[in-house]
Participant: 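Let me give you the structure first, and then I'll get to my questions.
Reckoned from all heavy atoms, side chains included, excluding hydrogens, waters and symmetry mates.
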Number of protein chains: 2
Amino acid sequence: MTPPLHLSLAGQAVDVLREQVLTGEIPPGSRVNEVEVAQKLGISRGPLREAIRHLASEGLLTLVPHRGAFVPAADSDEVKALFELRTALECAAAELAASRRTDVDLVRLQEVCAESRRNYRAGQPFPYRLDLAFHQTLIDAARSPRIAEQVRLVQQRVVLLRSALEDDPSHQHASMDDHDELVKAIADGDAATASTVMRRHLSRVCAQMLTSLDH
Amino acid sequence: MTPPLHLSLAGQAVDVLREQVLTGEIPPGSRVNEVEVAQKLGISRGPLREAIRHLASEGLLTLVPHRGAFVPAADSDEVKALFELRTALECAAAELAASRRTDVDLVRLQEVCAESRRNYRAGQPFPYRLDLAFHQTLIDAARSPRIAEQVRLVQQRVVLLRSALEDDPSHQHASMDDHDELVKAIADGDAATASTVMRRHLSRVCAQMLTSLDH
DNA sequence: AAACTGCCAACTGTCGACAGTTGACAACAT
DNA sequence: ATGTTGTCAACTGTCGACAGTTGGCAGTTT
């Protein structure tokens, strides 16, 4: 389960920085000072620059010439644009999953849903971890490597914007229902329904992010 | 009309290298020697490495640890996977374009189609340039910046794989018909039809690339 | 001849230092 | 007080050099 174990310093720096950006340890809007971070990581500026450029290409940092790298702040228009991309990708993935899923894919999806229910009934909040796991399992079932790759990147960016997201119980419940419905459509091999449900699901999630963004 | 005019050497190197990779000046399968290319461009290895990493993130180069950067060779599975991604993105773009297009978007699309016809009647082959222009205009009409961004990257990768693509006249004609049909659906605001036509269009293009890949 | 071993050249990964640019602050003029 | 200009520190962009790794080749062994 250990993430690939990069040998190069640049690769390690990518992992560390990505973690720090996603967890908010480096807060949105803040600048990344090359010399400072390089010293903190115990490496030189060369590999660090490559790491920064890499994260920028993933959308986790924005580069400003002669100014440095910044963690992009959440923005209403950005959320909408990002969810349009996510919808395009995940709806396609849902369709493909409906026609390509194996039986073990199906079991995995049902297992994630079941664990979510268990967790919810135990009174604990629906952890984002399980939501991510569900979507991950679904795109794996779609068996389209390039689409999967892009979905992962987009979901990462969504996590980045998720900082200011309160956990609304009713929304959690709705999400779990959506997931169940999706699994059913995929089990039936009903691509059209899978796509429709996914679109509705993401539309709801997007709306919730937008409202919780307005405080 | 000058492309952004990068000030940094790394930015310039990206433009030059991208050009050389896409035109096949650096042929698929070949290695990119850092010191050699750096000298040829008159820059140091630092900026060049950043340029190489950038192109790798665009999928135009593949990185092998301690071995260097290679231009990826065309592969049947890769073509299929890439077109699944492209279909997901461009179908979504077609739907959005159908509901968001302005009148000037429509005029631009019709203009590109008309120029294609003119060119075709003049006996000249349907230039890929016009095909690209059509799809570019369409995604601009969709007004979804993040989707547009990804479509551009995917199309670039398609161009890279296009090296061994013979120009089949019947295919050219079919493509132009598809384009006309797409514009009509977008003009009518018919998102469903636009998506369907786009899917059929890309499916045909993909099939043609696959057959011309088998020699 | 085939397989193994040890060496070597070429190249990537990394570092520390220099040069050029930017934004901010202070001094000055109005 | 307000706007302008000059100066400066901090930081990014770039370079040349060193270290570690890789693949191949020659020499050796069976």
Participant: Quickly work out the L7(A) CG to dG20(D) C1' distance and round it to whole Å.
Facilitator: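 Interatomic distance, CG of L7(A) to C1' of dG20(D): 12 Å.
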Participant: How many Å lie between CG on N33(A) and P on dA10(D), as a whole number?
Facilitator: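 From N33(A) CG to dA10(D) P: 11 Å.
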Participant: Between Q39(B) (CD) and dC15(D) (C1'), how many Å, whole number?
Facilitator: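 Answer to the nearest Å: 13 Å.
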Participant: Using a 3.5 Å distance criterion without hydrogens, assess whether the side chain of R100(A) forms a donor-acceptor pair with backbone atoms of A142(A).
Facilitator: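 Judged by distance alone, yes, a pair lies under 3.5 Å.
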Participant: How many Å lie between CZ on R67(B) and P on dG23(D), as a whole number?
Facilitator: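 So the two atoms are 5 Å apart, to the nearest Å.
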Participant: So, the side chain of T87(A) versus the backbone of F83(A): is there a donor-acceptor pair under 3.5 Å, distance only?
Facilitator: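 Side chain of T87(A) to backbone of F83(A): a pair is present.
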Participant: Measure from NE2 on H66(A) to P on dC11(D) and round the result to the nearest Å.
Facilitator: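 After rounding, the gap between these two atoms is 16 Å.
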Participant: In whole angstroms, how far is the P atom of dC11(D) from the CZ atom of R49(A)?
Facilitator: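 It is 14 Å, rounded to the nearest whole Å.
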Participant: Closest to the S44(B) side chain: dC15(D), dC11(D), dC11(C)?
Facilitator: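 It is dC15(D).
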Participant: So G46(A), base contact, sugar-phosphate only, or nothing? Heavy-atom distance under 4.0 Å.
Facilitator: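 Contact class for G46(A): none.
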Participant: When the distance from CD1 of I43(B) to C1' of dG16(D) is rounded to whole Å, what number comes out?
Facilitator: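 Going from I43(B) (CD1) to dG16(D) (C1'), I get 14 Å.
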Participant: Which nucleotide wins on minimum distance to the side chain of P47(B), given the candidates dC11(D), dC15(C), dT14(D)?
Facilitator: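 In terms of side-chain proximity for P47(B), the closest of dC11(D), dC15(C), dT14(D) is dT14(D).
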Participant: Nearest to the side chain of E34(A), heavy atoms from C-beta on, is which of dG13(D), dC11(D), dT14(D)?
Facilitator: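 Given the options dG13(D), dC11(D), dT14(D), the side chain of E34(A) is closest to dG13(D).
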Participant: Would you mind reading off the distance between R45(A) atom CZ and dG16(D) atom P, rounded to a whole angstrom?
Facilitator: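 Nearest whole value for this atom pair: 16 Å.
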Participant: Does the plane of the ring in F134(A) sit parallel, tilted or perpendicular to the ring in H179(A)? Use 30° and 60° as the thresholds.
Facilitator: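 Rings of F134(A) and H179(A): parallel, under 30°.
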